[in-house]
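Atoms within a ligand are numbered from 1 in the order they appear, just like the ligands themselves.
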Amino acid sequence: MKKILFTASEAVPFIKTGGLADVAGSLPKAFRKEEYDVRVVLPLYRVIPDKYKEQMQYLTNYYVELSGEWIYAGLFQLEYDGVIFYFIDNEHYFSGDRIYEDGLWDLEKFAYFSKAALLMCEVIDYRPDIIHCHDWQTGLVPVYLKNEFYDWNRYGDFYQGIKTIMTIHNIKFQGTWNIDDMMRVTGLGGYLFTSDKLESYQNGNYLKGGLVYADWITTVSSCYADEIKYPFYGEGLDGLMRARSNNLSGIVNGIDYQEWNPETDPLIVQNYSVDSFAELKAKNKIALQEELGMAVDEKRFMVGLVSRLTDQKGMDLIDCVMEDICSDDLQFVILGTGEARYENMFRYYEWKYKDRVSSSIMYDNTRSHRIYAACDAFLMPSLFEPCGLSQLMSLRYGTVPIVRETGGLRETVMPYNEYENTGNGFSFANYNAHEMLYTIQYAKYVYYNQHERWNDIVRRGMQADYSWEASARKYEDLYNMLLGW
Ligand code: ADP
Ligand code: GLC
């Protein structure tokens, strides 16, 4: 049995701010249980719903040394959907209203979490073969492991030989701060803050530490694995990505086919399948139009957007041509939170075009399911996109994605080819608002004038396999390769 421990700052169903949580919560289930024992360790945030906290079982407590201080760690466990989740409890660090707060505080919080997660292994005598770390919040795991925990005098051979993988979900977020403060909060020695280790552009950098010390690096699509070797996408770490390119691979994300299933989804008004979408899917559109107070018309072309409202997601393109998008033969349904200027833009357009624009500036899982089910098309014009899960959810629900050709979007959305009648979506190449607008208009044209063709596009999307099945096998191969088995 190969033992794998995921370290992550969020995972569904406990706590989620974005796609990282979907991956950390749903990928562990997809491994072959006879051969892989995959567990997850998370912070026990106060904001995790009580219904989960009530089911957790207290295991033990221990003290973590951080910068010369001994800090309490309580350890809880919950088996969910066949996967063991560990939760590290410390109210000082994890009792905020939001899971990510500010600057140095987050850095201290995740230094503590990384060390507590490592120490947990010895405390409960669970020695993983591989620790699989996700994003900058757990970038210090490989660093602490190979520096402090490899120390024979303190830990004997317990931690020796444990392999680490660092998965990049988004290279833009790195966890950086000035070196003096970072040394103080992490307790890491000055010798680690050099340009071949944690130093990056005069600052300390958690993600860089993880990328330098991990045995292997993955990211969430092959396209993004290539892109981050170039300055435009590499966010300053492209040189390191080129240097480590022999130990870097891309494995595309999947989605949880149980949770995201239009045939059984309890959160949507009308279930449907690839055989019945043409008759039944529109009932979800009518229900959503009623729920949101838009003009009720089952034939109207409805475009959805469920997203963090940030520059990454191409919101400035939408801002540029929003007036043109809001034509009277299109409805635009937005669900998201993020930068104030984009939240206000969408609120303004809802006020201006009440019948055709609906802006839900909030985080709401149920509404997201209803939007994926109700809309005809889904807009995702990202500037960069490591993988993207929203387009996969849309495809699964027969909602045709309109995307920019970048990262995981380029890998999962095949543009419609009208000559060969192939493709599962629409895409454009350049980061240009009018190219996006043209692509939306072209999709709308096909929807209104070639509806049979439109249904073919929907069908191809719904029939394709975006579950974790294929990608979990690739992670298994990687684990085997690292363990030499
Ligand atoms: P990212 O992780 O960069 O935000 P992804 O496409 O990988 O982008 O994942 C986003 C996830 O978050 C999807 O599951 C999407 O449905 C969900 N999501 C984003 N915004 C909201 C929101 N306002 N309400 C509900 N779900 C949301
Ligand atoms: C990040 C990326 C997104 C990806 C998700 C899960 O949040 O922005 O593209 O799908 O992580 O890997």
Side-chain angles (χ1 to χ4, degrees), residues 6 8-13 15-27 99-100 132-138 166-174 207 218-225 227-228 233 235 250-257 259-260 265 267-268 304-315 333-339 342-343 346 358-375 378-397 399 401 403-404 406-413 466 468 471 475:
F6 275 33
S9 59
E10 47 183 285
V12 290
I15 187 85
K16 166 168 165 179
T17 70
L20 166 63
D22 291 301
V23 174
S26 63
L27 170 58
I99 68 170
Y100 304 124
H132 188 157
C133 312
H134 296 267
D135 268 358
W136 73 265
Q137 296 89 344
T138 57
M166 190 77 228
T167 291
I168 305 170
H169 294 265
N170 193 337
I171 206 167
K172 191 173 175 72
F173 303 115
Q174 301 179 0
L207 180 65
T218 72
T219 184
V220 289
S221 66
S222 318
C223 289
Y224 194 61
E227 287 172 347
I228 57 179
Y233 291 103
E235 302 285 343
I251 301 179
V252 74
N253 288 332
I255 53 172
D256 184 338
Y257 262 32
E259 192 198 343
W260 300 98
D265 190 337
L267 300 174
I268 64 175
L305 183 140
V306 178
S307 182
R308 292 184 288 116
L309 306 179
T310 64
D311 282 339
Q312 174 192 341
K313 301 295 178 178
M315 290 303 126
V333 181
I334 297 112
L335 170 64
T337 58
E339 288 174 35
Y342 298 131
E343 293 186 347
F346 287 125
S358 163
S359 306
S360 304
I361 306 302
M362 58 171 86
Y363 188 91
D364 184 336
N365 185 48
T366 302
R367 182 155 295 174
S368 77
H369 281 247
R370 292 183 176 175
I371 293 175
Y372 291 121
C375 291
F378 187 87
L379 183 60
M380 207 164 165
S382 305
L383 173 62
F384 65 93
E385 197 60 75
C387 178
L389 299 172
S390 295
Q391 83 281 13
L392 303 182
M393 293 157 184
S394 301
L395 286 162
R396 176 91 164 127
Y397 281 71
T399 298
V403 306
R404 189 173 95 83
T406 183
L409 298 174
R410 204 170 98 212
E411 203 160 311
T412 55
V413 178
Y466 298 100
W468 276 111
S471 296
Y475 280 111

Worksheet item: Hey, are the side chains of Pro386 and Gln312 touching, using non-hydrogen atoms and a 4.5 Å cut-off?
Response: yes
Discussion item. Side chain, backbone, both or neither: which applies to Val23 and ligand 2 if a contact is any heavy-atom pair less than 4.0 Å apart?
Written reply: side chain
Practice prompt. Heavy-atom contacts with Gly19 under 4.0 Å: which atoms of ligand 2 show up? List them by number with element.
Written response: 5 (C), 6 (C)
Response to the item:
Looking at Leu389, Asp364, Asn365, Ile371, the heavy atom closest to atom 5 (P) of ligand 1 belongs to Leu389
Worksheet item: Just wondering, do Ile228 and Ile168 contact through their side chains at under 4.5 Å, heavy atoms?
Response: yes
Practice prompt. May I ask you to identify, for Met380, whether its side chain, its backbone, both or neither come under 4.0 Å of ligand 1 on a heavy-atom basis?
Written response: side chain
Practice prompt. Indicate, as side chain, backbone, both or neither, the part of Ser307 found under 4.0 angstrom from ligand 1 when only non-hydrogen atoms are considered.
Written response: backbone
Discussion item. Does any part of the side chain of His369, heavy atoms only, come nearer than 4.5 Å to the side chain of Trp260, both counted from C-beta?
Written reply: yes
Discussion item. What I want to find out is whether Arg410 reaches Glu385 closely enough, with some N-O distance under 4.0 Å, to be called a salt bridge.
Written reply: no
Worksheet item: So how far is it from Arg404 CZ to Leu379 CG, rounded to the nearest 0.5 Å?
Response: 13.0 Å
Worksheet entry | Any side-chain donor near an acceptor of the partner, Thr406 and Ser382, under 3.5 Å | no
Worksheet item: Counting heavy atoms not belonging to Lys16, are there more than 12 under 6.0 Å from its NZ?
Response: yes
Worksheet item: Of all the non-hydrogen atoms in the protein, which one sits nearest to atom 8 (O) of ligand 2, and at what distance?
Response: Gln312 NE2, 3.1 Å
Practice prompt. Could you tell me whether the side chains of Thr17 and Glu10 share a donor-acceptor contact shorter than 3.5 Å?
Written response: yes
Worksheet entry | atom 2 (C) of ligand 2 - nearest protein heavy atom and its distance | His169 O, 3.1 Å
Worksheet item: Is the shortest N/O to N/O distance between Leu20 and ligand 1 below 3.5 Å?
Response: no
Discussion item. Side chains of Trp136 and Asn170, heavy atoms from C-beta outward: is any pair under 4.5 Å?
Written reply: no
Worksheet item: Near Asn170, which atoms of ligand 2 are under 4.0 Å from a heavy atom of that residue?
Response: 8 (O)
Worksheet item: Which atoms of ligand 2 have any heavy atom of Val220 under 4.0 Å away?
Response: 12 (O)
Discussion item. Just to check, does Gly388 reach to within less than 4.0 Å of ligand 2 when the distance is taken from its heavy atoms?
Written reply: yes
Worksheet item: Does Tyr233 have its ring centroid less than 6.0 Å away from the ring centroid of Tyr224?
Response: no
Worksheet item: Tell me, which protein residue and heavy-atom name are nearest atom 8 (O) of ligand 1, and how many Å apart are they?
Response: Lys313 NZ, 3.1 Å
Discussion item. For a quick check under 3.5 Å, do Tyr372 and Asp265 share a side-chain donor-acceptor pair by atom type?
Written reply: no
Worksheet item: When you measure from the centre of the six-membered ring of Tyr257, is the NZ or CZ of Arg396 under 6.0 Å away and within 45° of the axis?
Response: yes
Worksheet item: What are the atoms of ligand 1, with element, lying closer than 4.0 Å to any heavy atom of Arg308?
Response: 1 (P), 3 (O), 4 (O)
Discussion item. Within the structure provided, determine whether Thr138 and Phe6 are in side-chain contact (heavy-atom separation under 4.5 Å).
Written reply: no
Worksheet entry | N or O pair under 3.5 Å between Tyr372 and ligand 1 | yes
Worksheet entry | Non-hydrogen side-chain atoms of Tyr363 and Leu335 separated by less than 4.5 Å | no
Worksheet item: Does ligand 1 have any atom sitting under 4.0 Å from a heavy atom of His169?
Response: no
Discussion item. Taking a cutoff of less than 4.0 Å between a non-hydrogen atom of the residue and any ligand atom, is Gly388 in contact with ligand 1?
Written reply: yes
Practice prompt. May I ask you to list the atoms of ligand 1 that are less than 4.0 angstrom from any heavy atom of Gly336?
Written response: 23 (N)
Worksheet entry | For atom 12 (O) of ligand 1, closest protein heavy-atom neighbour | Lys16 CE, 3.6 Å
Fill in: Whether Arg367 lies under 4.0 Å from ligand 1, heavy atom
no
Worksheet item: Can you tell which of Thr412, Val220, Thr219 makes a side-chain contact (heavy atoms from CB on, under 4.5 Å) with Val252?
Response: Thr412
Item to complete: Under 4.0 Å from a heavy atom of Gly19: give me the atoms of ligand 1 that qualify, with their elements.
Response: 1 (P), 2 (O), 7 (O), 9 (O), 10 (C), 11 (C)
Discussion item. At less than 4.0 angstrom from any non-hydrogen atom of Gly18, what atoms of ligand 1 do you find?
Written reply: 2 (O)
Practice prompt. Check ligand 1 against Met362 and write out every atom of the ligand that is under 4.0 Å from a heavy-atom position of the residue.
Written response: 22 (C), 23 (N)
Discussion item. For the CG atom of Asp135 and the OG atom of Ser9, what is their distance to the nearest 0.5 Å?
Written reply: 7.0 Å
Discussion item. With a heavy-atom distance limit of 4.0 Å, tell me whether Asn253 approaches ligand 2 through its side chain, its backbone, both, or neither.
Written reply: side chain
Worksheet item: If we only count N/O pairs under 3.5 Å, is Gln391 in contact with ligand 1?
Response: no
Worksheet, complete the sentence: To the nearest 0.5 Å, atom CE of Met380 lies from atom OG of Ser394 at 8.0 Å
Item to complete: With atom 18 (N) of ligand 1 as the reference point, say which of Thr337, Val306, Leu335 has the nearest heavy atom.
Response: Val306
Worksheet item: Can you tell me which residue and heavy atom of the protein come closest to atom 22 (C) of ligand 1, and the distance to 0.1 Å?
Response: Tyr363 CD1, 3.4 Å
Item to complete: Report yes if Asp22 has an N/O atom closer than 3.5 Å to an N/O atom of ligand 1; otherwise report no.
Response: yes
Fill in: For atom 9 (O) of ligand 2, closest protein heavy-atom neighbour
Glu385 OE2, 2.5 Å
Item to complete: Please determine if Cys387 has a nitrogen or oxygen closer than 3.5 Å to a nitrogen or oxygen of ligand 2.
Response: yes
